[in-house]
Amino acid sequence: PVLEEESPAFTIKTFRTSDGLPSERLRDILQTRDGYLWIATFNGLARFDGVRFHVFNDRDTPELRNSQVHALFEDESGRLWIGGDTGEVTWHDATGFHVVTTLDRWPPAP
């Protein structure tokens, strides 16, 4: 069930996996300048448009080489940078997801 509390200033709503989140264990949340909320979880990346979640993970988005998403960052150009638990870095823009190629000896995240 969705928990909803209202006050004159705002509404608090709790979302669960039954609402479309890939995991209830969140690692990072970022609102990009286009208005989407991006949510990093242990089971993928979710984009929330205010109504529904769209989930991206390593099964349906090959550029995300690890579904354990750890960190999110938006740069000055509006690109979303996505850090995975084992050191992978992916970025997203209007054309889609892109893999950052790293050296073979790139150390995994601690």
Side-chain angles (χ1 to χ4, degrees):
V2 174
L3 172 65
E4 199 167 321
E5 297 177 32
E6 292 195 37
S7 80
F10 57 89
T11 300
I12 298 172
K13 202 171 205 181
T14 302
F15 292 97
R16 307 232 179 262
T17 54
S18 59
D19 300 305
L21 269 175
S23 171
E24 292 179 16
R25 295 179 61 198
L26 309 183
R27 316 223 31 220
D28 200 0
I29 298 175
L30 175 75
Q31 184 172 14
T32 50
R33 62 189 74 184
D34 58 7
Y36 288 111
L37 281 179
W38 292 86
I39 301 141
T41 78
F42 283 89
N43 293 326
L45 177 66
R47 183 182 68 201
F48 185 63
D49 62 10
V51 176
R52 67 187 58 85
F53 293 95
H54 185 100
V55 176
F56 306 93
N57 56 46
D58 58 5
R59 290 184 309 277
D60 61 19
T61 308
E63 297 83 3
L64 284 176
R65 294 175 283 166
N66 185 335
S67 286
Q68 294 185 19
V69 180
H70 183 79
L72 302 171
F73 174 78
E74 184 179 27
D75 68 17
E76 293 176 359
S77 300
R79 291 177 292 204
L80 174 67
W81 292 85
I82 305 147
D85 261 14
T86 53
E88 294 88 8
V89 178
T90 304
W91 58 277
H92 178 271
D93 66 3
T95 65
F97 290 90
H98 309 275
V99 174
V100 174
T101 304
T102 58
L103 301 173
D104 288 339
R105 296 185 184 170
W106 182 273

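Because the structure is a prediction, the values reported are computed rather than measured.
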Donor-acceptor pair, side chain of N43 and main chain of S23, under 3.5 angstrom: no

State whether the side chain of Q68 and the backbone N or O of T86 hold a donor-acceptor pair below 3.5 Å, judged by distance alone.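 No, the answer is negative, given that no donor and acceptor are paired below the 3.5 Å cut-off.
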
In short, salt bridge (Lys or Arg N to Asp or Glu O under 4.0 Å) pairs touching residues 64-77 with sequence neighbours left out are R33-E74, D75-R79

Out of curiosity, does [Y] fall in the hydrophobic cluster containing [X] (side-chain heavy atoms, cut-off under 4.5 Å, transitive links)?
{"X": "V100", "Y": "L64", "answer": "no"}
{"X": "I82", "Y": "Y36", "answer": "yes"}
{"X": "L37", "Y": "L80", "answer": "no"}

Working to the nearest 0.5 angstrom, can you tell me the gap between [X] [atom1] and [Y] [atom2]?
{"X": "E88", "Y": "T101", "atom1": "CD", "atom2": "OG1", "result": "12.0 Å"}
{"X": "D28", "Y": "L72", "atom1": "CG", "atom2": "CG", "result": "4.5 Å"}
{"X": "F53", "Y": "F15", "atom1": "CZ", "atom2": "CZ", "result": "5.0 Å"}
{"X": "L45", "Y": "N66", "atom1": "CG", "atom2": "CG", "result": "12.0 Å"}
{"X": "W91", "Y": "W81", "atom1": "CH2", "atom2": "CH2", "result": "6.5 Å"}

What residues, two or more places apart in sequence or in another chain, satisfy side-chain hydrogen bond (donor to acceptor under 3.5 Å, both in side chains) together with [X]?
{"X": "T95", "result": "D93, H98"}
{"X": "S67", "result": "D58"}
{"X": "W38", "result": "T32"}
{"X": "H54", "result": "none"}

Partners meeting side-chain contact (heavy atoms from CB on, under 4.5 Å) with E63 (sequence neighbours left out): T61, T90, F97, V99

Which heavy atom of R27 sits nearest to which heavy atom of D85, and what is that distance?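 Scanning both residues completely, I find the closest heavy atoms to be NH1-OD1, 2.7 Å.
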
What are the two closest non-hydrogen atoms of P22 and A46, and how far apart are they?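 Between these two residues, the closest heavy atoms are CD-CB, 3.7 Å.
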
Any side-chain heavy-atom pair from [X] and [Y] closer than 4.5 angstrom?
{"X": "V69", "Y": "F56", "answer": "no"}
{"X": "L30", "Y": "F73", "answer": "no"}
{"X": "N57", "Y": "V55", "answer": "yes"}

